[in-house]
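Remember, it's a predicted structure, so these values are computed and weren't measured experimentally. Here is the naming used below: chain letters follow the sequence lines, and residue numbers restart at 1 for every chain.
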Amino acid sequence: MTLAELLQGSVHEVAAGLVGWTLLVDGVGGRIVEVEAYDEDDPASHAYRGANARNGSMFGPPGHLYVYRSYGIHWCANVVCERPGHGAGVLLRALQPTHGLDRMRDRRRVADDRLLCSGPGRLTQALGLSGADDGADLSRPPFAVLPPSAPSVVERTPRIGISRAVEQPWRYVEVGTSWSSRRRRAA
DNA sequence: CTTTCGATGATCT
DNA sequence: GATCATCGAAAGG
């Protein structure tokens, strides 16, 4: 399976399928363990009300990045999906760091490696992503997206930090990971 | 341990 | 003027 082949599917197939892949930026990154799907006709999606100056890359070619500023402070990154005439993407929420740990620690300055990439804003900071990367093609350097060696077990939960369509289970997390943005609550 | 709240800027109403 | 796909420090229990 190549990234281009995975991107042929629906936003939800792409989101679930991306879990376990490795994302690298200039050789720095890790395994994708948590994402969220933002589909067309999704009130929580930035693309819901059509294209604007911020979300334009969501309406561009699949396999590119949509990077936006969040709460005026952080950057968040999506993988753009193929939805002709609409905008859709998969928000990258957490990685299990595997490559370039030293560079990530330099950028993040946190005591615990668990905090390097466990959140959409943390992830972009660790990888050095910013608005300059909005629209960038993930199939070309300095980016690399590598398939997993074995399939992951993925669970669906409601998405985090939104106020519309809050009950849709469109967050995809690798079962058993300790690198997601939220630890599983005790039962 | 949990909850609250400020930062900060683009977009929406 | 309000909201927001967030984070981290501070305050409370």
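- For the P atoms, the distance from B:dT8 to C:dA10 is 15 Å, rounded to whole Å.
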Nucleotide-level pairing of DNA chain C, given in dot-bracket where Watson-Crick and G-U pairs need both distances under 3.5 Å and | marks other strands: ||||.|||||||.
Dump the pairs, protein N or O against N or O of nucleotides 9-13 of chain B, anything under 3.5 Å, distances to one decimal.
{"unit_1": "B:dT11", "atom_1": "OP1", "unit_2": "A:Arg54", "atom_2": "N", "d": "3.0"}
{"unit_1": "B:dC12", "atom_1": "OP1", "unit_2": "A:Asn52", "atom_2": "ND2", "d": "3.3"}
{"unit_1": "B:dT13", "atom_1": "OP1", "unit_2": "A:Arg49", "atom_2": "NH1", "d": "3.3"}

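- Proximity of residues 13-26 of chain A to DNA chain C (heavy atom under 4.0 angstrom from any strand atom) is not detected for any residue.
- Annotation: ring-ring contact (aromatic ring centres under 6.0 Å, His included) contacts involving residues 144-176 of chain A, sequence neighbours excluded, comprise A:His12-A:Trp170.
- Screening residues 23-42 of chain A for salt bridge (Lys or Arg N to Asp or Glu O under 4.0 Å) gives A:Asp26-A:Arg103, A:Arg31-A:Glu174, A:Glu34-A:Arg93, A:Glu34-A:Arg171, A:Glu36-A:Arg93, A:Asp39-A:Arg83, A:Glu40-A:Arg83, A:Asp42-A:Arg159 as the qualifying pairs, with residues at least two apart or on separate chains.
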Reading 5' to 3' through nucleotides 7-13 of chain C, protein heavy-atom contacts under 4.0 Å coded B for base, S for sugar-phosphate only, - for none: SS-----
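- Residue A:Trp179 belongs to a hydrophobic cluster whose other members are A:Val33, with links defined by side-chain heavy atoms closer than 4.5 Å.
- With sequence neighbours excluded, no residue satisfies salt bridge (Lys or Arg N to Asp or Glu O under 4.0 Å) with A:Asp112.
- Take A:Arg54 and apply the salt bridge (Lys or Arg N to Asp or Glu O under 4.0 Å) test, not counting sequence neighbours, and it matches no residue.
- Sorted by first then second residue, the salt bridge (Lys or Arg N to Asp or Glu O under 4.0 Å) pairs that include residues 132-154 of chain A, not counting sequence neighbours, number zero.
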With the criterion being N/O to N/O and under 3.5 Å, what pairs connect the protein with nucleotides 1-3 of chain C, and how long is each?
none

Using a 3.5 Å cut-off and no angle test, enumerate the donor-acceptor pairs between side-chain atoms of residues 64-75 of chain A and protein atoms at least two apart in sequence or in another chain.
{"unit_1": "A:His64", "atom_1": "ND1", "unit_2": "A:Gly135", "atom_2": "O", "d": "2.9"}
{"unit_1": "A:Tyr66", "atom_1": "OH", "unit_2": "A:His46", "atom_2": "ND1", "d": "2.8"}
{"unit_1": "A:Arg69", "atom_1": "NH1", "unit_2": "A:Ile73", "atom_2": "O", "d": "3.4"}

